[in-house]
Amino acid sequence: MNSDPILKVVFFCTESGREPVRLWLLELEKEDRKVIGEDMKLVQFRWPLGMPLVRKISADLWEVRSHLSSGRVARVFFTVAGNEMALLHGFIKKSQKTPLKDLETANARQALWLSNQDT
């Protein structure tokens with residue numbers, strides 16, 4: 001792996017200063033955080049990537065697909081602008097289809113984050 005990352009990982013931050021993905025990660029078990037972290041690192045150092053690790057959802061929105069302990073599956077939505085990868089929303093997947101609420105959350109945060117990049 002190259003010693004220099006292609007993307008800088010940043011957490012989406014709300015107006016109140018909360019970082020939802022960071023808070024979500026802290027709720028997970030240490031082993032699961034490590035798996036997700038390794039997957040993020042792979043994306044960070046080898047961008048652009050595709051399936052099976054990264055799936056494009058829409059224009060400038062992707063998901064990292066992490067396989068956790070006990071057969072669980074985590075998804076982290078992210079967007080890329082310039083050399084930054086912003087982690088927008090994370091969740092444990094409970095069904096085959098991505099819940100609309102999670103997609104809407106990621107889209108709303110993406111719009112906010114991208115609009116702040118212009119300023």
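Given the structure is predicted, the values throughout are model-derived calculations rather than measurements. This chain uses plain numbering: 1 for the first residue, then up along the sequence.
Each of L7, D60, I6 was scored for a side chain to side chain contact (heavy atoms under 4.5 Å, CB included) with V80, with one residue passing: L7.
Proximity of the aromatic rings of W24 and F11 is defined here by a centroid distance below 6.0 angstrom, and this criterion is not met. Two rings, from W113 and F12, have their centers 6.0 Å or more apart.
For S66 and D39, the side-chain atoms include at least one donor-acceptor pair closer than 3.5 Å.
Hydrophobic clustering (side-chain heavy atoms under 4.5 Å, transitive across Ile, Leu, Val, Met, Phe, Trp, Tyr) keeps L23 apart from L28. Clustering ILVMFWY residues whenever any of their side-chain heavy atoms sit less than 4.5 angstrom apart, transitively, puts L112 in the very cluster that holds L114. When the side chains of ILVMFWY residues are joined at heavy-atom separations under 4.5 Å, either directly or via intervening members, V73 and V35 end up in two distinct hydrophobic clusters.
Under the 4.5 Å side-chain criterion, counting only non-hydrogen atoms from C-beta, Q117 is in contact with E84. Between K56 and L61 there is no side-chain heavy-atom pair separated by less than 4.5 Å. Between R55 and T98 the shortest side-chain heavy-atom distance falls below 4.5 Å.
Contact detail for Q44 and K8: the closest heavy-atom pair is NE2-CA, 4.3 Å. Among all heavy-atom pairs drawn from K97 and S95, the shortest one is O-OG, 3.0 Å. Closest approach of V64 to M85, counting heavy atoms only: CG2-CE, 4.3 Å. Taking each heavy atom of P5 and S3 in turn, the nearest pair found is CD-O, 3.9 Å. For the residue pair R109 and L88, the shortest heavy atom distance occurs at NH1-O, 2.8 Å.
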Test side-chain contact (heavy atoms from CB on, under 4.5 Å) on R75 and D102; report intermediate values, then the result. CA-CA 10 Å; R75 297 289 189 258; D102 290 303; over 6 Å; no
Show your reasoning for whether ring pair (Phe, Tyr, Trp, His ring centres under 6.0 Å) applies to F77 and F91. CA-CA 9 Å; F77 287 111; F91 65 101; 5.8 Å; yes
For the pair I92 and L68, evaluate side-chain contact (heavy atoms from CB on, under 4.5 Å) and give the outcome as yes or no after the intermediate values. CA-CA 9 Å; I92 301 296; L68 308 178; 3.6 Å; yes
Under the criterion side-chain contact (heavy atoms from CB on, under 4.5 Å), I'd like the reasoning laid out for L103 against S58: C-alpha separation, chi angles, the key distance, then a yes or no. CA-CA 10 Å; L103 191 54; S58 63; over 6 Å; no
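Here the CD1 atom belonging to I57 is positioned 10.5 Å from the CD atom belonging to Q110, to the nearest 0.5 angstrom. To the nearest 0.5 Å, atoms CG (N107) and OG1 (T79) are separated by 9.5 Å. The distance from atom CD of E15 to atom CG of N116, rounded to the nearest 0.5 Å, is 8.0 Å. Between the NZ atom in K101 and the NE2 atom in H89 there is a gap of 8.0 Å [rounded to 0.5 Å]. Residue I36 holds its CD1 atom at 12.0 Å from CD of E31, rounded to the nearest 0.5 Å. From E38, atom CD reaches atom NZ of K34 across 6.5 Å, with rounding to the nearest 0.5 Å.
With S70 contributing its side chain and R72 its backbone, the two residues share no donor-acceptor pair below 3.5 Å.
Remark: E63 engages R65 in a salt bridge, criterion side-chain N to carboxylate O under 4.0 Å.
Atom CD of E29 is surrounded by 12 or fewer heavy atoms from other residues, nucleotides or ligands within 6.0 Å.
Classification of the W47-F78 ring pair by plane angle, with boundaries at 30° and 60°, yields perpendicular.
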